[in-house]
Number of protein chains: 2
Amino acid sequence: MDSIRPERKKSSADLSARRRRGDGRPTIADVAARAGVAAITVSRALSDPSLVSDTLRKTIEEAVQALGYVPNLSARTLASTRSSVVGVLIPSLSQTVFTDVLRGVYDGVDGSPLTVQIGNTRYDEAEEERLIKVFLREKPAGMIVSGIDQTPEARRMLENAGCPVIQIMDISDDPIDQIIGFSHYDGGRKVTEHLIEEGYRRIGFIAGWVSRRSSGRLDGYRAALAAAGLPQPSLEHSFSPGYMPKLADASETPAGRPVLEFATPRVGRELFRAAIAADPGLDAVFCNNDILALGVLFECQAQGIRVPEDMGIAGFNDHDYMESAFPSLSSGRTHRYRNGLDAVVAIRRRLGGAPVGEPVIDMGVEVMKRRSTDRSGNRRD
Amino acid sequence: MDSIRPERKKSSADLSARRRRGDGRPTIADVAARAGVAAITVSRALSDPSLVSDTLRKTIEEAVQALGYVPNLSARTLASTRSSVVGVLIPSLSQTVFTDVLRGVYDGVDGSPLTVQIGNTRYDEAEEERLIKVFLREKPAGMIVSGIDQTPEARRMLENAGCPVIQIMDISDDPIDQIIGFSHYDGGRKVTEHLIEEGYRRIGFIAGWVSRRSSGRLDGYRAALAAAGLPQPSLEHSFSPGYMPKLADASETPAGRPVLEFATPRVGRELFRAAIAADPGLDAVFCNNDILALGVLFECQAQGIRVPEDMGIAGFNDHDYMESAFPSLSSGRTHRYRNGLDAVVAIRRRLGGAPVGEPVIDMGVEVMKRRSTDRSGNRRD
DNA sequence: CTGTTAGCGCGTTCAG
DNA sequence: CTGAACGCGCTAACAG
């Protein structure tokens with residue numbers, strides 16, 4: 001017997017009456033009808049063209065073209081076990097350090113079907129754990145997480161995520177899955193060694209807030225001083241967790257969630273004042289990040305302290321303003337954009353079927369030696 | 001009689017045999033079964049609790065709690081006509097101007113079911129149009145777009161999007177739907193007027209690249225000069241579109257897509273050198289953005305030009321480093337974080353059923369008068 | 001206020 | 001290499 005259901009495809013009257021929900025967009029069924037094949041064949045032609053004969057593929061491609069068909073991601077995700085989302089967890093949106101990473105991530109997914117989803121952990125491991133849970137529900141195509149300080153539970157979830165998990169912006173012997181980043185310890189050590197080589201002896205350390213991540217830098221600084229026989233704990237200056245810096249515009253604080261901004265030039269100026277008050281013999285400072293270094297430079301200018309003669313200044317990350325300052329500011333250069341880009345590239349490779357590759361990739365930190373630390377008088381930029 | 005179906009809850013053997021696909025996560029059906037109601041009732045209790053009686057709601061909430069049920073977003077989006085995505089289109093991820101906006105956006109969706117999706121238009125209106133098309137396919141809950149220079153086609157699509165569309169970071173009499181932002185023209189005019197009031201007469205304009213957006217600032221600058229009888233077209237300095245500034249790290253360029261960075265201190269220094277070479281009588285510069293102003297300050301320091309006596313410097317946006325510079329730098333303060341936050345708040349209000357409200361909200365630009373333009377000697381910070 | 005029914009658009013399973 | 005049938009989890013539409 002003929003189908004009990006009335007024929008649907010031919011009559012345009014039917015066509016208009018036929019849809020009850022959904023918008024007018026063409027579906028895979030429309031493409032299939034036009035190409036004279038089954039929907040599944042269209043699906044295959046789209047996801048893995050090698051599964052379909054050349055002739056059919058051609059016809060299907062033409063039908064897709066003609067109809068302007070675009071797959072519905074929700075339907076695809078619902079029906080399959082994987083989505084096309086790459087989840088990216090970063091601790092802050094206000095630091096350009098991480099927005100540089102994001103630029104790399106976005107450039108990395110460009111031209112692929114992948115979609116980026118960002119989670120802001122606000123330097124809170126519990127919030128990170130919560131976000132991981134939320135992201136993993138969507139069965140992401142891949143995850144990118146910042147640093148190595150995940151909670152044990154977060155780590156466990158990521159290990160069982162069933163997708164590539166790339167840790168970035170730090171380094172470890174024991175990655176969850178794969179880690180691409182650099183050693184904060186090495187960075188802090190190298191910058192401090194540079195200061196020592198230039199002849200500085202009472203080298204202070206300034207940080208707005210020593211997170212676990214930056215504590216690697218602090219440890220590297222301590223190690224370099226210790227190796228040179230110059231340990232000096234009293235030279236370490238950072239705000240206690242209780243300190244609440246003012247915002248440029250207090251109204252910019254969302255209700256109930258203060259924006260803690262520990263990395264501003266103002267904080268740099270204040271910490272530097274505290275540092276020289278505590279030790280007038282201070283002759284250099286290693287700043288935990290560039291923006292603090294900029295503040296220190298301004299404070300030196302305000303107080304008539306000569307840089308680099310009376311005071312050496314070095315930062316960390318090497319943002320573009322460092323080389324343009326007067327005098328130009330030394331810094332430990334990190335490869336943030338590249339880090340984000342490479343993380344996505346690794347994910348794409350693995351989604352493409354490639355094996356995991358090197359589980360640990362250290363991109364290194366390069367000391368940019370500029371005028372602000374040129375006590376030996378070798379440079380002139 | 002007892003149910004024909006065997007009891008499901010007690011036997012774990014049944015449990016494992018029962019599912020064919022999908023992961024182990026509880027579904028709305030599980031919640032419904034446990035609460036002894038129909039699935040749709042659970043759906044309603046979750047989406048609009050007022051549709052369900054207090055007693056049932058209680059039971060359902062308990063079942064949700066007990067099972068750890070979390071709705072599947074893909075299924076929800078597929079079945080309904082709206083997703084929970086707020087699409088945000090910004091022209092750049094490398095300028096903190098827009099990452100400040102993003103911070104506000106993310107804080108704004110906090111605690112709501114909304115999800116943020118970011119599109120980077122790279123200052124390309126065609127790319128913006130393409131992204132709008134892509135975003136609208138997902139039937140977003142709302143759209144946030146930067147500026148007012150959408151293509152006619154993009155505008156048409158947004159008008160028919162069927163969701164709140166908020167334009168930000170600019171102002172217009174004729175918003176697509178609703179606009180929350182500020183006038184670049186007013187900002188440019190006000191800052192220039194301030195320079196004139198301070199006694200500067202040969203006021204240059206410096207911009208890395210005059211986009212349509214910043215041309216408002218340029219126009220405001222021109223208007224202020226014209227009103228004071230000081231028009232001076234030769235003082236306008238900006239790079240031509242053909243200019244390609246160097247990157248701090250050339251390797252940071254993704255293949256095939258050069259990163260054009262027109263807003264760096266280095267560019268500011270170069271443009272300022274060109275400006276004083278072209279007109280040695282220059283006594284002040286209005287910089288199209290803060291980071292250029294910082295570069296100008298450094299160049300002045302390098303050349304021994306006194307600020308503010310010999311040269312006034314003003315920027316635009318008022319990033320936090322402006323007040324901490326030495327001398328502190330004047331700027332037109334814009335409310336970027338707030339702008340992102342308010343845009344989301346407007347969307348949430350409307351999703352909650354509120355009417356459109358003011359279609360045009362001007363957040364204003366405030367001139368921060370600091371030492372770098374204090375020729376009259378009134379200030380001392 | 002609550003339930004029934006019927007899909008949303010796609011991919012998996014299993015059969016050719 | 002191709003197809004038919006079914007179901008992913010949820011909600012719109014329409015009853016009661």
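Just so it is clear, the values below take in all heavy atoms, side chains as well, and ignore hydrogens, waters and symmetry mates. Order of the sequence lines sets the chain letters (A, B, ...), proteins ahead of strands, with each chain counted from 1. Everything numeric here is computed off the predicted structure, so don't read it as measured data.
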Please report the distance, rounded to the nearest Å, between [atom1] in [X] and [atom2] in [N].
X      : N      : atom1 : atom2 : result
B/L73  : D/dG9  : CG    : P     : 13 Å
B/L51  : D/dG16 : CG    : C1'   : 16 Å
B/I60  : C/dT2  : CD1   : P     : 8 Å
B/D30  : D/dC8  : CG    : P     : 11 Å
B/I28  : C/dG3  : CD1   : P     : 12 Å
B/R76  : D/dA12 : CZ    : C1'   : 14 Å
A/R137 : D/dC8  : CZ    : C1'   : 17 Å
B/E138 : C/dC8  : CD    : C1'   : 16 Å

Exercise. Do B/Q167 and B/Q150 meet the criterion of a side-chain donor-acceptor pair at a distance under 3.5 Å?
Worked result: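 Their side chains do contain a donor-acceptor pair, which is all the 3.5 Å distance test asks for.
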Measure the [atom1]-[atom2] distance between [X] and [Y] for me, rounded to the nearest 0.5 Å.
X      : Y      : atom1 : atom2 : answer
A/S74  : A/N72  : OG    : CG    : 5.0 Å
A/L56  : A/K58  : CG    : NZ    : 12.0 Å
A/I347 : A/M143 : CD1   : CE    : 9.0 Å

Consider the side chain of [X], meaning its heavy atoms from C-beta on, and name the nucleotide among [options] that approaches it most closely.
X     : options              : value
A/I40 : D/dT2, D/dG3, D/dC10 : D/dG3
A/A79 : C/dC8, D/dG7, D/dG3  : D/dG7
B/P71 : D/dC10, C/dT2, D/dT2 : D/dC10

Counting just side-chain N and O atoms, does [X] come under 4.0 Å of either OP1 or OP2 of [N]?
X     : N      : value
A/S53 : D/dT2  : yes
B/S43 : D/dC10 : no
A/S80 : C/dC10 : no

Problem set entry | 5' priority, DNA chain C, between B/S50 and A/V42 [closest heavy atom] |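 That would be B/S50.
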Problem set entry | Minimum-distance pair of heavy atoms, taken over all atoms of B/R103 and A/L93 |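 Result for this residue pair: CG-CB, 3.4 Å.
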Exercise. Which residue, B/R44 or B/N72, contacts DNA chain D at a nucleotide closer to its 5' end, judged by nearest heavy atom?
Worked result: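 Looking at DNA chain D, the more 5' nearest nucleotide goes with B/N72.
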